[in-house]
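Every heavy atom of this structure was used, including side-chain atoms; hydrogens, water molecules and symmetry mates were not.
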Protein chains: 2
Amino acid sequence: MSLPHAILTALLEKKSSGLELTRRFDRSIGYFWSATHQQIYRELGKLEADGLIRALPSEQPARGQKKSYEVLPAGRAELARWTSASQDPKPHRDALLLRLRAAAVVGTAGLEADLRRHLELHERQLAEYEEIEERDFPPGRDGAEVRLRHLVLRAGIDLETFWTQWLRRALADFAELPDGGPAEQV
Amino acid sequence: MSLPHAILTALLEKKSSGLELTRRFDRSIGYFWSATHQQIYRELGKLEADGLIRALPSEQPARGQKKSYEVLPAGRAELARWTSASQDPKPHRDALLLRLRAAAVVGTAGLEADLRRHLELHERQLAEYEEIEERDFPPGRDGAEVRLRHLVLRAGIDLETFWTQWLRRALADFAELPDGGPAEQV
DNA sequence: ACTGTTTATGCAACTAGTTGCACAAGGTGA
DNA sequence: TCACCTTGTGCAACTAGTTGCATAAACAGT
């Protein structure tokens with residue numbers, strides 16, 4: 001139940017249309033809360049109906065016509081409420097770890113190539129984060145807002161660092177395993 | 001679409017009833033693929049209908065009567081197929097990171113207490129993983145199956161280590177921030 | 001006997017996210 | 001000027017996961 005809050009945050013950072021939001025979700029917010037454009041448009045409709053945001057009255061709202069939104073005071077209040085409310089962490093689900101556990105019983109055949117592919121994806125993501133860090137967070141004392149955003153980026157960098165290291169270890173382990181793995185014994 | 005495969009894996013490790021599966025999801029598989037008992041029973045029904053598992057014919061199947069399942073050859077084949085097939089990583093969603101980003105625009109009031117609570121939860125989880133490692137994976141050369149399972153546990157340990165360190169850094173940063181944060185400026 | 005608790009199975013309704021597609025406006029090139 | 005591509009908005013159906021509750025047997029206490 002956090003997509004509306006992700007949208008409120010993005011809109012507070014900058015008033016945007018649906019498509020602009022979609023683009024920013026692909027680059028920034030979406031790194032830790034992804035959403036498709038269909039979700040975003042649906043949610044914008046709900047948020048507007050609930051009086052948390054409103055469309056900027058600049059242009060006539062027609063299909064194929066850009067429509068920008070801004071956050072209303074009620075929206076900011078709701079976001080502040082949600083941010084400060086205590087929340088339990090949601091259980092994670094990670095298909096790759098599950099597949100490794102499955103490989104322990106049905107064999108590792110074919111898995112190594114995909115581990116390699118995942119390693120590449122995580123390396124690329126890590127490089128992207130590090131570029132953002134270099135560009136947007138040069139060393140030096142910053143205000144609270146910048147430091148908080150930097151903290152979030154650090155989480156992304158450290159997570160990708162973890163994954164690349166773990167995947168490298170996994171691949172090294174695979175190299176020592178008998179070909180095909182446990183399935184041989186079946 | 002991985003709950004069926006999580007169940008197949010768990011059943012291959014050990015034939016179980018719905019409740020036994022539920023318990024094991026709470027302790028072990030569930031660390032990276034959680035599921036409620038309702039989900040598990042529903043999925044067991046589907047897997048049986050699809051001919052991937054079957055109920056052990058020992059006892060009469062009545063409500064309130066334990067019913068154990070085992071994996072059929074078709075189920076093992078499907079799990080092997082799924083494990084070796086290439087899969088894209090699913091986009092993550094992390095409410096805590098989103099809240100931090102929101103806090104950058106609406107203020108950090110109330111957030112610190114919850115960060116502290118999350119830190120405690122992750123410390124507890126880390127301790128639990130380390131206990132499991134000590135108990136189930138004593139040092140020494142192991143077979144492929146044990147090494148794969150250890151690798152999965154290492155991922156859990158490293159992830160929890162990341163979170164505890166990141167949260168400690170976040171709390172240290174908070175201590176230096178002006179009280180309440182950016183909301184002050186509003 | 002009867003009350004309550006634990007173990008065990010399961011259905012139904014709801015919420016959130018995904019996938020596939022449709023529609024409209026404006027620009028580009030043949 | 002017609003066919004096609006891009007930009008922008010949006011609906012509908014589907015899939016996966018969550019929440020709330022119902023049912024039944026076994027057992028323990030009184």
Among the candidates D/dT7, D/dG10, C/dG17, find the nucleotide nearest to the side-chain atoms of A/L3.
C/dG17

Classify the side-chain pair A/R101/B/S28 by whether it contains a donor and acceptor separated by less than 3.5 Å.
yes

Report yes or no: do B/S2 and A/R93 form a side-chain donor-acceptor pair below 3.5 Å?
no

Is B/Q38 side chain donor-acceptor paired with the D/dG20 base, going by distance under 3.5 Å alone?
yes

Nearest to the side chain of B/Y69, heavy atoms from C-beta on, is which of C/dG10, D/dT18, D/dT7?
C/dG10

Could you tell me how the ring of A/W166 sits relative to the ring of A/W163: parallel (under 30°), tilted (30 to 60°) or perpendicular (over 60°)?
perpendicular

Once you round it to whole Å, what is the distance between C1' of C/dT9 and CD of B/E43?
16 Å

Interatomic distance, A/I40 CD1 vs C/dT18 C1' [rounded to whole Å]:
13 Å

Can you figure out which of C/dA8, D/dG8, D/dT18 approaches the side chain of A/P91 most closely?
D/dT18

Examine the base of D/dT18 for any acceptor or donor lying under 3.5 Å from a partner atom in the side chain of B/R42, and report the outcome as yes or no.
yes

Touch check for A/S17, heavy atoms < 4.0 angstrom, all strands: base, sugar-phosphate only, or nothing?
sugar-phosphate

Could you tell me how far apart A/L21 (CG) and D/dG10 (C1') are, to the nearest whole angstrom?
15 Å

Tell me the interatomic distance from A/E20, atom CD, to D/dT6, atom P, rounded to whole angstroms.
20 Å

Could you state the CZ-C1' distance from B/R23 to C/dT7, rounded to the nearest angstrom?
7 Å

Residue set satisfying salt bridge (Lys or Arg N to Asp or Glu O under 4.0 Å) with B/E120, at least two apart, ordered chain then number -> B/R124

Separation of C/dT9 C1' from B/H37 NE2 (nearest whole Å):
9 Å

Applying side chain to side chain donor-acceptor pair (under 3.5 Å), run through A/H5 and A/E78 and close with a yes or a no.
CA-CA 8 Å; A/H5 303 101; A/E78 164 56 23; 2.9 Å; yes

A/L19 CG to C/dA24 P: how many Å, rounded?
19 Å

Side-chain N,O (A/K90) to OP1/OP2 (D/dT18) below 4.0 Å
no

Closest to side chain of B/T36, choosing from D/dT18, C/dA8, C/dA16:
D/dT18

Establish, with yes or no, whether the OP1 or OP2 oxygen of C/dA16 is under 4.0 angstrom from a side-chain nitrogen or oxygen of B/R93.
no

Check whether any side-chain nitrogen or oxygen of A/Q39 sits under 4.0 Å from OP1 or OP2 of C/dT18, and answer yes or no.
yes

Using atom NE2 of A/H5 as one end and atom C1' of C/dG17 as the other, report the distance to the nearest whole Å.
17 Å

Measure from the side-chain heavy atoms of B/Y41 and tell me the nearest of D/dG10, D/dG8, C/dG10.
C/dG10

